[in-house]
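Because the structure is predicted, anything quoted here is derived from the model rather than measured.
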Amino acid sequence: MLGSAAQMYKSVGLYGEIEEASPHKLISMLFDGVLQRIATAKKELEVKHFAEKGLLLGQAITIVASLKSYLDMDKGGELSQHLEALYDYIERRLLSASLANDVAILDEVTGLLLEIKGAWDQIA
């Protein structure tokens, strides 16, 4: 019972943070979320918890799709097109990593996402 209460409190705290976040902060939170899920999936893969790994990588793919949906193709022009292609690539690589149980692909994707997040965080 205590565990579920703690989880509910955590959810309420995150909901409050989302409610008060700027659009820039929301994108940053999505980056944090996808990176956290990939890191956790990597740990699950290392201990051969394949179902959990698959669930986490599915969530990571969904978050990347959300990042892609926030691109403004009209205002962003060529940059948005390049980011869309990169997000497509990341989604495919995450699926490949899940199917092949390949930690090296997860490391590659993490590196790409950290680069994008680093650039995003500098915009603030």
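- Residues forming a salt bridge (Lys or Arg N to Asp or Glu O under 4.0 Å) with Asp32 (at least two apart in sequence, or on another chain): Lys117.
- Note: His24 and Trp120 have parallel aromatic rings, judged against thresholds of 30 and 60 degrees for the angle between ring planes.
- Listed by chain and residue number, Leu45, Lys48, Lys53, Asn101 satisfy the side-chain contact (heavy atoms from CB on, under 4.5 Å) test with Phe50 (two or more places apart in sequence, or in another chain).
- Residues satisfying the salt bridge (Lys or Arg N to Asp or Glu O under 4.0 Å) criterion with Glu108, sequence neighbours excluded, are Arg93.
- Atoms CG and CG, from Leu94 and Leu99 in turn, are 11.0 Å apart once rounded to the nearest 0.5 Å.
- If you take CG on Leu106 and CD on Glu46, they are separated by 9.5 Å, rounding to the nearest 0.5 Å.
- Screening residues 56-73 for salt bridge (Lys or Arg N to Asp or Glu O under 4.0 Å), with sequence neighbours left out, gives Lys68-Asp88, Lys68-Glu91.
- Every side-chain contact (heavy atoms from CB on, under 4.5 Å) that Leu114 has, sequence neighbours left out, goes to Leu35, Thr110.
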Starting from the C-alpha separation in whole Å, work towards a yes-or-no answer on side-chain hydrogen bond (donor to acceptor under 3.5 Å, both in side chains) for Ser80 and Glu84.
CA-CA 6 Å; Ser80 290; Glu84 180 180 45; over 6 Å; no
Go through it in stages, so that I can follow the logic: the residues are Leu71 and Tyr87, the test is side-chain contact (heavy atoms from CB on, under 4.5 Å), and I'd like the CA-CA distance, side-chain angles, deciding distance and then a yes or no.
CA-CA 10 Å; Leu71 294 173; Tyr87 289 147; 4.0 Å; yes
Report the C-alpha distance between Leu113 and Ile38 in whole Å, list the side-chain angles of each, state the deciding distance to 0.1 Å, and finish with yes or no for side-chain contact (heavy atoms from CB on, under 4.5 Å).
CA-CA 10 Å; Leu113 288 166; Ile38 293 170; 3.6 Å; yes
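- With hydrophobic clusters built from ILVMFWY side chains whose heavy atoms lie under 4.5 angstrom apart, Leu56 does not share a cluster with Leu67.
- In this structure, Glu44 has no salt bridge (Lys or Arg N to Asp or Glu O under 4.0 Å) partners at least two apart in sequence or on a different chain.
- One hydrophobic cluster, built from ILVMFWY side chains closer than 4.5 Å, holds both Leu86 and Ile123.
- Residues satisfying the side-chain contact (heavy atoms from CB on, under 4.5 Å) criterion with Asp107, sequence neighbours excluded, are Lys42, Val103.
- When all heavy atoms of Gly54 and Ser98 are compared, the closest pair comes out as CA-OG, 4.1 Å.
- A continuous path of hydrophobic side-chain contacts links Val109 to Ile116 [ILVMFWY only; heavy atoms under 4.5 Å].
- The ring-ring contact (aromatic ring centres under 6.0 Å, His included) check on His82 picks up nothing, with sequence neighbours excluded.
- Applying the side-chain contact (heavy atoms from CB on, under 4.5 Å) rule to Gln81 yields the partners Met73; only residues at least two apart in sequence or on another chain are considered.
- Residue Leu83 is grouped with residue Ile63 when hydrophobic side chains (ILVMFWY) are merged at heavy-atom distances under 4.5 angstrom, including chains of intermediate members.
- Here Gln36 contributes atom CD and Gln59 contributes atom CD; the two are 8.5 Å apart, rounded to the nearest 0.5 Å.
- Remark: the backbone N or O of Lys25 is not paired with any side-chain donor or acceptor of Ser28 at under 3.5 angstrom.
- When hydrophobic clusters are built by joining Ile, Leu, Val, Met, Phe, Trp and Tyr residues whose side-chain heavy atoms come closer than 4.5 Å, directly or via intermediates, Leu112 is grouped together with Val34.
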